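This report refers to the structure that appears directly beneath it.
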There are 2 protein chains.
Amino acid sequence: MGERTRKITIKDIAAEAGVSIALVSFVMNGKSDGKGGYRVNKETAERIRSVAERLNYQPNDAARMLRSGKTNTIGVIVSDISNKFFADIARCIEDRAYKHKYTVLFGSTDENSQKLENLIEVFRNKGIDGLIVVPCEGADPILRKLADENFPLVLLDREVPGADLSSVVLNNRRAGGQVTEVLVKQGYRKIEMISYSMNLSNIREREEGYRACMTENGLGEYVRIHHLRHDRMDRITEILRDARERQVEAFVFATNTLALQGVTAIFRQGWQIPRDFSMVCFDTNEAFDLYKTAAACVSQPIERFGAEALDLLLKSIEHRDQPMACTRVVLSPEIVEYNKFDSYHKN
Amino acid sequence: MGERTRKITIKDIAAEAGVSIALVSFVMNGKSDGKGGYRVNKETAERIRSVAERLNYQPNDAARMLRSGKTNTIGVIVSDISNKFFADIARCIEDRAYKHKYTVLFGSTDENSQKLENLIEVFRNKGIDGLIVVPCEGADPILRKLADENFPLVLLDREVPGADLSSVVLNNRRAGGQVTEVLVKQGYRKIEMISYSMNLSNIREREEGYRACMTENGLGEYVRIHHLRHDRMDRITEILRDARERQVEAFVFATNTLALQGVTAIFRQGWQIPRDFSMVCFDTNEAFDLYKTAAACVSQPIERFGAEALDLLLKSIEHRDQPMACTRVVLSPEIVEYNKFDSYHKN
DNA sequence: TTTGTTTGTTAAAACGTTTTAATTACCTTT
DNA sequence: AAAGGTAATTAAAACGTTTTAACAAACAAA
């Protein structure tokens with residue numbers, strides 16, 4: 001036991017097959033046929049392939065990277081990888097990347113641009129070929145610099161306004177409108193929004209959607225958006241208490257985290273849903289799914305987020321030399337209305 | 001725009017500081033002082049350091065790896081990274097690893113040993129220094145081989161019985177017993193368990209705990225464990241229906257996923273909790289937290305899982321030459337009893 | 001025969017580090 | 001003055017690839 005068996009290298013194969021290492025390299029990279037431009041005798045190629053197979057040759061990625069600069073690794077930086085929404089997307093990207101023989105490096109910014117910068121530095125030292133980023137506040141200059149270097153980059157979930165960057169986002173404006181509309185249709189009028197004070201494109205657009213829907217339905221006078229700092233979530237109780245006094249009927253929560261905080265606070269006060277408040281929110285979670293707490297949720301197309309982002313990135317990596325075309329993919333939200341069907345809970 | 005600026009190498013620094021590259025290497029690796037055994041003039045070292053700082057030198061990991069074999073990268077393979085429990089642990093590991101200047105590669109097996117094998121191969125080609133694994137069924141031979149090579153390895157959440165491998169696990173037997181006991185204390189007698197048919201150490205021990213608790217409380221006659229295949233979760237409805245006919249009073253769910261499936265099925269039948277059934281389970285989730293669905297949950301010390309596993313792995317990497325000592329860390333569960341306090345829901 | 005083309009192959013450089021062994025310069029001690 | 005020791009430095013090899021440029025052999029065209 002404990003024998004550390006030396007790894008098989010290209011040299012071993014060359015020796016075994018009685019050819020030069022160059023030939024082995026050509027064959028192993030599939031450059032022997034077609035576009036590569038190298039010409040290798042068919043039989044020789046076959047022999048090399050079989051020897052490699054037999055010895056279970058595994059290329060040394062470090063050497064390959066050092067020489068060619070290509071690592072077949074990409075980075076994915078989100079706000080918090082333990083957040084279900086991002087974890088699900090990450091999983092999709094990982095699976096899809098794997099099929100393309102890419103490995104994925106994950107990182108979380110915690111909405112902190114300094115962390116983002118550090119992560120990018122670390123990842124770049126690792127030699128990643130490209131990057132998928134959920135930009136946090138203050139990410140603009142960091143990402144712009146990256147783009148200026150022509151570094152393959154795709155934004156996810158949020159955008160950096162004014163910068164010419166590829167991105168995959170939800171139609172947040174529409175989603176915000178549609179989900180608000182569910183409440184309006186149910187007859188609620190005094191509907192307010194609970195949102196983040198962070199300046200993020202997706203949040204801002206969700207607010208826009210809410211506002212537009214309210215105005216279109218003649219409820220402009222009730223429009224009110226509460227902005228919470230994410231490090232002062234406790235303030236939500238205060239807001240809710242005040243809202244109840246003002247006879248607010250329903251809430252639109254700008255994110256799932258916010259909704260969860262809100263509902264927890266509501267329950268702590270001894271209030272019930274929808275007896276005392278009604279609500280809609282973004283994304284689903286086990287609690288809302290199971291108990292139909294929310295009147296409706298915005299369901300985001302997770303797999304498409306992952307797939308589109310990865311495909312965009314790979315394309316961008318492939319064409320690193322060209323002047324870089326920016327594609328903007330806008331996905332459509334789906335509204336899941338829980339109250340449409342009879343709830344199995346008697347509230 | 002678009003200027004790809006060449007990366008600063010050790011050579012540039014050497015030239016700028018007027019020294020050899022070896023000296024730069026010594027200094028950059030902190031081998032210039034203390035245990036490294038190299039001697040570098042203090043002033044020279046300082047000069048090199050300042051030049052490196054000024055030029056913003058970033059070492060090329062590929063080169064470093066190729067030469068030294070060390071990558072400062074570890075792999076973490078779980079069953080499903082989008083599962084909240086694993087996502088949380090992953091996050092802890094990532095954060096902690098980052099502080100030690102390690103990067104983490106994540107992968108999911110989906111409880112498939114073939115995938116595990118593939119992932120390990122890919123990760124090893126990337127040159128990871130060590131591996132943290134949540135072993136799936138059939139992982140034994142794969143992991144044993146790894147251990148035979150003296151490859152730094154730490155098992156997480158589950159163990160491989162009979163193999164001398166380091167691991168960090170919950171005291172699942174105790175947890176299973178304690179959580180069952182909550183139901184017993186509340187007066188339930190006909191308590192059954194819903195579990196997986198997969199042969200995993202943690203599951204088996206949870207069952208053991210349940211069984212022991214029942215027997216100790218003179219309820220041995222009621223012991224019954226239902227085994228579900230995870231690709232046939234739909235069978236749970238059938239089991240529940242049958243259980244209701246047999247007047248089963250409460251369930252112990254062996255995992256959170258199982259509990260979620262179970263409760264969903266229960267609600268679909270129009271039954272309520274705890275009116276028709278009571279239940280306890282492992283781990284928490286938003287639904288159970290918010291609505292106190294479960295009478296109690298086993299709360300696992302997520303951060304300690306991550307921290308202990310990483311520390312064990314790093315230690316093991318550090319002492320790769322030594323014959324490898326196996327440490328087994330067994331963490332204590334915490335039982336969260338929801339019904340202890342007045343629920344704010346009138347059930 | 002010479003010249004040119006195609007096909008198959010290879011030697012050797014390069015990538016940016018780490019690390020060994022050698023070298024220099026400067027002190028001590030005899 | 002010679003010998004030995006220590007401190008500071010460096011040249012050069014090695015890691016395993018990819019890729020360029022050169023070469024040889026075989027054949028075709030002149």
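This structure is a prediction, so every number in the text was calculated from the model and none was measured.
Between the side chains of A:Asp80 and A:Ser82, at least one donor-acceptor pair of N or O atoms lies under 3.5 Å. The closest side-chain donor-acceptor pair between B:Asn118 and B:Gln114 falls under 3.5 angstrom.
The phosphate of D:dA7 has neither OP1 nor OP2 within less than 4.0 Å of any side-chain N or O from B:Asn41. Close to D:dT10, at under 4.0 Å from its OP1 or OP2, lies a side-chain N or O of B:Ser20. At the phosphate of D:dC15, neither OP1 nor OP2 sits under 4.0 Å from any side-chain N or O atom of A:Asn60. A close approach under 4.0 Å does not occur between any side-chain nitrogen or oxygen of B:Ser25 and OP1 or OP2 of C:dT19.
Regarding B:Met28, its CE atom lies at a distance of 13 Å from the C1' atom of C:dG16, rounded to whole Å. Atom CD in B:Glu46 sits about 15 Å away from atom P in D:dA8, given to the nearest Å. Atom NZ in A:Lys70 sits roughly 20 Å away from atom P in C:dC15 (whole-Å rounding). For the pair A:Lys11 NZ and D:dT18 P, the interatomic distance rounds to 14 Å; values are reported in whole Å. Remark: P of C:dA14 and CZ of A:Arg64 are 22 Å apart, rounded to the nearest angstrom. Here D:dT20 presents its P atom at 9 Å from CZ of A:Phe26, a figure rounded to the nearest Å. Atoms CG (A:Leu66) and P (C:dA14) sit 13 Å apart, rounded to a whole Å. The distance from atom CG of B:Asn29 to atom P of C:dT19 is 7 Å, rounded to the nearest whole Å.
Of all heavy-atom pairs between B:Phe123 and B:Val76, the closest is CE2-N, 4.3 Å.
When the nearest nucleotides of DNA chain C are assigned to B:Ala62 and B:Ala22 by heavy-atom distance, the more 5′-ward of the two goes with B:Ala62. In terms of position along DNA chain D, the nucleotide closest to B:Arg47 lies nearer the 5' end than the nucleotide closest to the other residue of the pair B:Arg47 and A:Ile10. Residue B:Thr44 is the one, among A:Thr9 and B:Thr44, whose nearest nucleotide of DNA chain D lies closer to the 5' end (criterion: closest heavy atom).
Comparing D:dT17, D:dG16, D:dT10 by their nearest atom to the side chain of B:Leu23 picks out D:dT10. Residue A:Val19 places its side chain closer to C:dT10 than to any other of C:dT10, D:dT18, C:dT17.
Here B:Ile8 contributes atom CD1 and B:Asn56 contributes atom CG; the two are 8.0 Å apart, rounded to the nearest 0.5 Å.
Residue A:Lys70 qualifies as enclosed at atom NZ: its count of foreign heavy atoms under 6.0 Å is above 12.
A donor-acceptor contact under 3.5 angstrom links the side-chain atoms of A:Arg67 to the base of D:dT18.
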